[in-house]
Each structure stands twice: as structure tokens, then as C-alpha cells.
Amino acid sequence: MTRYFCEYAWLEGDHATREVLIETSGDRIVDVTAGLPSPKDAIALPGLTLPGFVNSHSHVFHRTIRGRTQGDAASFWSWRDTMYAVAGRLDPDSLYGLARATYAEMALAGITCVGEFHYLHHGPGGVSYEDPNAMSHAITSAANDAGVRITLLDTCYLQSDIDGGETEGVQRRFDDGGWDAWSTRLSSLKTSATVKAAAAIHSVRAVPRHAMKPITDYARSRAMPLHVHLSEQPAENQACQSTHGTSPTTLLSEEGVLGPSTTAVHATHLDKADIHLLGSSSTSVSMCVTTERDLADGIGPAVSLAQAGSPLCVGSDAHMVIDLLEEVRGVELNQRLISGRRGHLSVGVLARTLTEHGSRSLGWDAGEIAKGRLADLVTIRLDSPRTAGARLADPLTHVIFAATNADVSHTIVGGDVVVEDGSHRAIENVGAELERAIADLLT
Ligand SMILES: [Zn+2]
């Protein structure tokens with residue numbers, strides 16, 4: 001049994017609670033009590049403790065190109081060319097090194113669980129590795145070694161355009177040749193107490209209509225989460241309209257893809273009917289604000305989606321920054337910019353977006369500081385230049401709107417302390433590891 005005594009903890013609602021004792025055994029929380037004095041043997045967590053942040057959408061190898069395309073006027077599509085060039089160079093060893101360092105960066109940012117939307121399955125030219133899951137296993141080993149829980153969203157990617165064009169160039173590495181071969185490969189993925197296998201449809205562009213239902217049935221029959229990129233760019237909507245005569249959301253709905261275990265990623269360019277289909281099916285929506293603004297995607301209808309019934313979660317996606325506090329406040333602040341009004345999503349809803357909703361999207365029993373849940377926790381310092389003054393008002397509101405990844409003092413995953421006083425316990429110099437991994441790929 002380990003006991004943590006939190007100066008403040010977020011338990012529910014819109015406010016933090018003072019003096020909370022969290023007791024853990026193994027990887028679970030076994031008791032939570034508030035208002036009692038600290039027991040002598042408890043580990044003190046000064047600051048505000050929340051459930052661990054959940055990064056519901058990551059493409060880990062995009063970390064390589066941070067800062068390389070952002071200063072110019074490159075479009076989404078030319079950015080994609082740069083990203084594909086890196087994808088072409090990766091092998092299981094270099095992917096492991098990059099992913100380990102990037103997931104360590106996530107742990108330092110308070111992220112306890114990541115959903116890796118992974119489609120770089122095969123070797124150059126699409127030739128399978130001896131272990132067909134060599135790339136997936138490089139990623140899950142990296143997450144394990146960085147101390148982060150992972151849902152490997154094994155992504156089906158079968159065509160180059162919505163009309164069924166064959167994959168070409170680096171896309172050959174993404175292509176299993178058919179949904180059945182994809183599912184056979186995924187069935188042999190190794191899982192563990194901190195590694196979960198799940199399914200993803202890359203997009204309505206990269207997966208043919210006839211494969212969507214079998215992929216969905218495969219995921220549902222195994223109680224796997226199912227993720228899909230949706231309407232990030234207007235061009236995707238136009239192509240879907242001209243090929244299938246529907247919006248991408250309607251197409252997914254007609255093929256049975258939407259539902260409570262499904263997460264639509266981005267959901268930026270939607271009409272009222274799309275929002276109704278997503279909300280009424282309780283489909284989660286992963287917003288990736290820092291990526292969407294960097295790529296000039298647009299601002300998705302977060303408030304309408306939440307009101308319609310879609311739980312919102314957040315992801316750092318292309319990793320222009322890895323700071324989920326910035327992602328989650330961006331969801332609310334973007335709505336203020338486009339509506340001219342404040343106060344759309346309450347602080348409590350934003351905190352759930354950062355934690356509980358992401359955990360549900362990735363299929364884990366975490367995301368709440370409550371008895372029986374996984375002991376995934378993050379503590380934010382309240383004495384930094386950004387957070388000073390938080391104790392004099394409401395620490396939860398202050399942290400959601402002003403704290404950054406630099407204010408994370410502790411990250412605890414399944415009861416194990418991964419980050420202590422702002423330092424990664426297993427990886428001494430995360431910046432140096434990232435530098436080496438990136439240099440290896442770019443030189
Ligand atoms: Zn993505």
C-alpha cells in the first residue's frame with residue numbers, strides 16, 4: 001500500500017478539494033479521503049493532483065519535424081510530403097529510439113496514457129518485417145520503457161485516394177493489402193497490463209467503403225476502441241461527396257462505424273447533420289487544437305458536439321508542442337474567438353476532457369481519482385511563475401487556463417512514480433535523447 005497526501009486534488013466538479021489522501025495498492029487506487037491530517041508514512045504531493053492526462057491522438061514520428069515546416073507558408077499537403085520523407089527512413093530501431101524519447105517528453109508533460117495512431121507497419125516497399133508487428137512492438141516497448149501506458153491504435157490504410165487508387169511510394173509501408181490481412185497482423189500484437197491493442201480506420205480516403213464494416217465488427221467483437229480521422233480538411237469532404245454522395249460522417253454512420261467505443265479525430269468541418277450523427281451515437285471526438293491551428297485546418301464545433309452528446313478528448317497529434325493543458329484550454333478559447341462569447345465549457349468539463357474522456361476513448365479504467373480506478377496521477381506545482389497565486393483563488397481554474405507542461409512535478413502511472421520533482425526517473429536527459437534520435441533520422 002502506498003499513500004499520497006495531496007495538498008489539493010481534483011475529484012469532481014469545477015473546483016479542487018484540499019488535503020486529499022489517495023491510497024494505492026498495485027496499480028489501483030484503493031481509497032480516497034479528504035479533510036484528514038496527513039498520515040506519517042504518506043508521500044507529500046504539494047500542488048494540485050489530477051488524474052493523469054490522456055493523449056488520445058499521437059503520431060510519434062512527427063516529433064522529428066517539429067520546427068522544420070512551421071515558419072513558412074507550406075500547406076497541409078506540402079507538410080505531409082515532409083512528414084512522409086521521415087516515414088520513409090524509419091526502421092524498428094530508429095522508431096524505438098525516437099518513440100522512447102518522445103514518450104518520455106510526454107511523461108514529463110504529465111501524460112500517463114497515449115493513443116498511438118500507428119500506420120507505419122512494414123519495411124521499405126511494403127515488404128513485411130520478419131515480425132510483422134516489428135514497428136508496433138518498437139512503439140509499445142518504447143512506451144513501456146518511458147513509463148507511459150499505451151493504446152496502440154493499429155491503423156488500417158489500404159488506398160492512396162478515395163477512388164481506390166493503389167498506395168504508392170512510402171504509403172506502401174502503411175498498406176497490409178486488405179482488411180483481413182490487417183486484422184490477422186493485429187491479432188498477433190503483444191499486449192500487457194500497460195499495452196492495449198485497438199483498431200483504427202485511417203480515414204474515409206485511405207480505407208475503402210466495403211472494408212469499414214468488417215473493421216468495425218472486428219474491433220467491436222474484441223471490445224477494442226476504434227478511431228478514425230474525420231473531416232480535418234475541406235478537401236476530404238469534397239472528395240467524399242463526389243465519390244460517395246455523402247459527407248464523411250454520414251458514410252461512417254451508414255457503415256456502422258460510429259458509436260460509444262469509436263473516436264473521431266479532428267471533426268473540424270462538419271454540418272448540423274454530421275454533429276447530430278456523432279453526438280446521438282455518443283461517438284467521442286478527439287480535438288488536436290495545436291496541430292489544427294498549426295496546419296490551418298480550422299476550428300471544429302466543439303461546443304455543439306459536446307451538447308449533442310459527444311465526449312471531447314484531446315491529442316497532441318503532430319507534436320508541434322506536447323502540452324495537453326494548452327490543447328484543452330484551446331478547445332474553449334477557440335470557441336470564444338469564433339463566437340465572441342466566453343464560458344462555453346466549464347472548468348470541470350475541460351478537466352474531464354483532459355482525463356476521463358480520453359481514458360474512455362482509449363479503453364482504460366482510469367481518468368478519475370476514485371476507488372477502484374487505475375492509479376494514474378499528475379501533480380502540478382502551484383509555486384512556479386505561471387501558477388503562483390493559484391492557492392489564493394481556485395487552483396483548478398488557474399491550472400487549466402495558465403499552467404504549462406513545465407509545471408508538472410509528478411507523473412504516476414499504475415502506482416509507479418515515473419516523473420519526480422520534474423525529472424524522469426528512468427531517462428536522465430530526455431532532451432539529449434530526443435536530440436540524438438532526431439539527428440539520426442535527419443542526417
Ligand atoms: Zn492524426
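Remember, it's 1-based here, ligands and their atoms both numbered in the order they're listed.
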Undergrad: What protein N/O/S atoms are found closer than 2.8 Å to the Zn ion (ligand 1)?
TA: His57 NE2, His59 NE2, His229 NE2
Undergrad: Could you report the tightest heavy-atom contact between Val148 and Ala107, atom names first, then the distance?
TA: CG2-CB, 3.9 Å
Undergrad: Exactly one of Glu332, Glu327, Glu326 should register a salt bridge (charged side-chain N to carboxylate O under 4.0 Å, His left out) with Arg329. Which one does?
TA: Glu326
Undergrad: Taking the six-membered ring of Tyr218, is the NZ or CZ of Arg222 close enough (under 6.0 Å from the centre) and on axis enough (within 45°)?
TA: yes
Undergrad: Does the pair Tyr119 and His59 meet the rule for a ring pair (Phe, Tyr, Trp, His ring centres under 6.0 Å), with working shown?
TA: CA-CA 9 Å; Tyr119 51 82; His59 301 285; 5.6 Å; yes
Undergrad: Under a 3.5 Å threshold, yes or no: a donor from one side chain and an acceptor from the other, between His266 and Ser231?
TA: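 There is no such pair between these side chains.
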Undergrad: Ring centroid separation for Phe117 and His229, is it under 6.0 angstrom?
TA: yes
